[in-house]
Colleague: 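Once you've had a glance at the structure underneath, I'll fire off some questions.
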Amino acid sequence: MLLQINNAVSNAEEYQTYIIQMDHSHKPASFLTHEAWHRSTLASLMQSSPEEHDENDMFLYSYNHVMHSFSARFTATQLSELKKSPAHIATHPELFFELLTTHSPKFLGLKQNSGIWPAASFGKDVIIGIIDTGIWPESESFNDKGMAEVPERWKGKCENGTAFSQSLCNRKLIGARSFSKGLQAEGLKIPPSDYNSSRDHTGHGTHTSSTAAGNHVVGASHFGYAKGTARGVAPRAHVAMYKVLWGVDSEKSVATDVLAAMDQAISDGVDIISISLRISLREDPPYFNNVISIASL
């Protein structure tokens, strides 16, 4: 449904990022995709603005799997008009996320020599999507010795970027993408110290990836102490990295980028999504308004 807008938008109004949940049953048949409908909706809203803005700069993502929604930048007037549409379900403001790490094996009650852990062949043929700070592909935890071939159902890819090329992927690390449009829409730039790619800047994503699915590394130690074999919870699982956290203000991410990563991971064919982050405590919404919780249902 295209929106007819007669109100003029004040020059003083600022644009802010929102995630808009839509009732997909209202999509007109003339639009072949939900994204085309989402973009057309935004374009009709922007017709009311006296300022010239390219809707391509205002539009961020269209989500098809985690929830039927899209993210874009709106003025208060435009948002008010959008809420009048019968297709509108809910509006979620942009949120910032922080790093978090948990103790999954203990929480899950896994035992090394009995139960589901060995019965599941330690993750063989499972694809784990990690949403984090990126990955350091040269780490021995991501060698593909003993790994099975990449599952035929896999539709993901390894994207080229700063200090990262497709050749760095193998049968262990089978996917690597990055998402930053939402963060940059907030005026935060990727600093020179970070990599504009899936490569890890801080090590957190490499840590969580190797904890979840690191391959066997014989002779691992901490400067010679506690020498032994290091491995992840599922050493035979494949890994796909979706970088959403950047070296900006103590590793920040935004909800629009996290949702895009989740949506892409599902489209690529991951079996499990691992997210070690949380909404900033200063803006933590109720559970039923938490877009990541909604997307995880």
Side-chain angles (χ1 to χ4, degrees), residues 94-105 128-143 156 158-166 168-170 172-215 217 220-223 225-226 230-234 237-262 264-265 270 272-284 292:
E94 183 68 287
L95 293 170
F96 282 85
F97 286 77
E98 303 170 343
L99 292 172
L100 187 68
T101 303
T102 59
H103 303 276
S104 297
I128 303 177
I130 310 289
I131 298 178
D132 214 290
T133 63
I135 195 165
W136 197 265
E138 294 87 356
S139 170
E140 278 300 308
S141 292
F142 310 119
N143 77 81
C158 289
E159 296 178 340
N160 291 320
T162 306
F164 201 103
S165 66
Q166 295 179 354
L168 293 171
C169 288
N170 53 26
K172 165 59 77 173
L173 178 60
I174 65 174
R177 300 178 187 265
S178 62
F179 302 82
S180 62
K181 286 196 296 184
L183 188 76
Q184 295 188 67
E186 294 299 309
L188 299 174
K189 297 183 181 297
I190 299 173
S193 59
D194 202 344
Y195 303 93
N196 190 9
S197 69
S198 300
R199 183 171 288 279
D200 195 0
H201 165 62
T202 65
H204 189 274
T206 301
H207 165 68
T208 55
S209 298
S210 59
T211 299
N215 208 342
V217 180
S221 69
H222 181 68
F223 299 105
Y225 292 95
R231 68 177 185 181
V233 174
H238 306 279
V239 172
M241 170 55 64
Y242 299 85
K243 180 176 178 177
V244 300
L245 288 134
W246 303 86
V248 178
D249 189 21
S250 301
E251 302 301 320
K252 292 288 187 180
S253 181
V254 291
T256 49
D257 291 335
V258 176
L259 284 178
M262 295 175 70
Q264 187 63 60
V270 305
I272 300 170
I273 292 179
S274 173
I275 308 178
S276 296
L277 50 83
R278 69 181 178 191
I279 295 175
S280 174
L281 294 178
R282 291 174 296 178
E283 47 187 349
D284 193 12
I292 303 306

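Counting from 1, the numbers follow the sequence of the chain as shown. All of these numbers come straight from a predicted model, not from anything done at the bench. Computed over heavy atoms, backbone and side chain alike; hydrogens, waters and symmetry mates excluded.
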Colleague: Between L245 and L277, is any pair of side-chain heavy atoms under 4.5 Å apart?
Modeller: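 The answer is yes; the side chains approach within 4.5 Å.
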
Colleague: May I ask you to check whether N160 and S165 show a side-chain donor-acceptor distance below 3.5 Å?
Modeller: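 Distance-only check fails for N160 and S165.
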
Colleague: Start with the C-alpha gap between N215 and S141, add the side-chain angles, then the distance that decides, and say whether side chain to side chain donor-acceptor pair (under 3.5 Å) holds.
Modeller: CA-CA 5 Å; N215 208 342; S141 292; over 6 Å; no

Colleague: I would like to know whether H238 and I128 meet side-chain contact (heavy atoms from CB on, under 4.5 Å); could you show each step before the answer?
Modeller: CA-CA 6 Å; H238 306 279; I128 303 177; over 6 Å; no

Colleague: Is there side-chain contact between M262 and Y242, with heavy atoms separated by less than 4.5 Å?
Modeller: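 No, their side chains stay 4.5 Å or more apart.
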
Colleague: Would you mind checking if K189 and D194 are paired as a salt bridge, meaning a charged N to carboxylate O distance below 4.0 Å?
Modeller: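 No, this pair does not count.
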
Colleague: For a 4.5 angstrom cut-off between non-hydrogen side-chain atoms, does L188 reach W246?
Modeller: no

Colleague: Would you give the length of the straight line joining atom CG of L168 to atom SG of C158, rounded to the nearest 0.5 angstrom?
Modeller: 8.0 Å

Colleague: Could you tell me whether the side chains of D200 and T206 share a donor-acceptor contact shorter than 3.5 Å?
Modeller: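 Distance-only check passes for D200 and T206.
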
Colleague: Is T133 reaching over with its side chain to a backbone N or O of T202, donor-acceptor style, under 3.5 angstrom?
Modeller: no

Colleague: Which pair of heavy atoms, one from P137 and one from F164, lies closest together, and at what distance?
Modeller: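 The pair with the smallest heavy-atom distance is CG-CE1, 3.8 Å.
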
Colleague: Roughly how far, to the nearest 0.5 Å, is the OG atom of S180 from the CD atom of E186?
Modeller: 12.5 Å

Colleague: Can you see which heavy atom on A220 is nearest to which on A230, and at what distance?
Modeller: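 For A220 and A230, the tightest heavy-atom pair comes out as CB-CB, 3.8 Å.
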
Colleague: Compare all side-chain heavy atoms of S209 with those of W136 and state whether any distance is below 4.5 angstrom.
Modeller: no

Colleague: Is there a side-chain contact between R199 and T162 in this structure, where contact means two heavy atoms from C-beta onward sitting under 4.5 Å apart?
Modeller: no

Colleague: Any salt bridge (Lys or Arg N to Asp or Glu O under 4.0 Å) pairs touching residues 204-214, not counting sequence neighbours?
Modeller: none

Colleague: Mind listing the closest non-hydrogen atom pair of G182 and D257 along with its distance?
Modeller: N-OD1, 2.8 Å

Colleague: Does the side chain of F97 come within less than 4.5 Å of I292's, by heavy atoms?
Modeller: yes

Colleague: Taking side chain to side chain contact (heavy atoms under 4.5 Å, CB included) as the criterion, tell me which of L173, V270, I174 meets it with V239.
Modeller: L173

Colleague: Drop me the distance from S276's OG to H204's NE2, to the nearest 0.5 angstrom.
Modeller: 5.5 Å

Colleague: Got D132 and M241 here, is their nearest side-chain heavy-atom distance under 4.5 Å?
Modeller: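 Heavy-atom side-chain distance check passes, below 4.5 Å.
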
Colleague: For the residue pair I130 and T208, establish whether any side-chain heavy-atom pair is separated by less than 4.5 Å.
Modeller: yes

Colleague: Quiz question: by atom type and distance under 3.5 Å, do the side chains of T256 and E94 form a donor-acceptor pair?
Modeller: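 Result is yes, a qualifying pair exists.
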
Colleague: Grab the two heavy atoms, one from S178 and one from S198, that are nearest each other, plus how far apart they are.
Modeller: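 The pair with the smallest heavy-atom distance is N-OG, 3.9 Å.
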
Colleague: Could I get the full list of side-chain contact (heavy atoms from CB on, under 4.5 Å) partners for S193, not counting sequence neighbours?
Modeller: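 Scan of S193 (side-chain contact (heavy atoms from CB on, under 4.5 Å), adjacent residues dropped) gives P191, H201.
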
Colleague: With no hydrogens and no angle check, is any side-chain donor or acceptor of K243 less than 3.5 Å from a backbone partner on Y195?
Modeller: yes

Colleague: Could you measure the distance from the CD atom of E159 to the OG atom of S197? Nearest 0.5 Å is fine.
Modeller: 10.0 Å

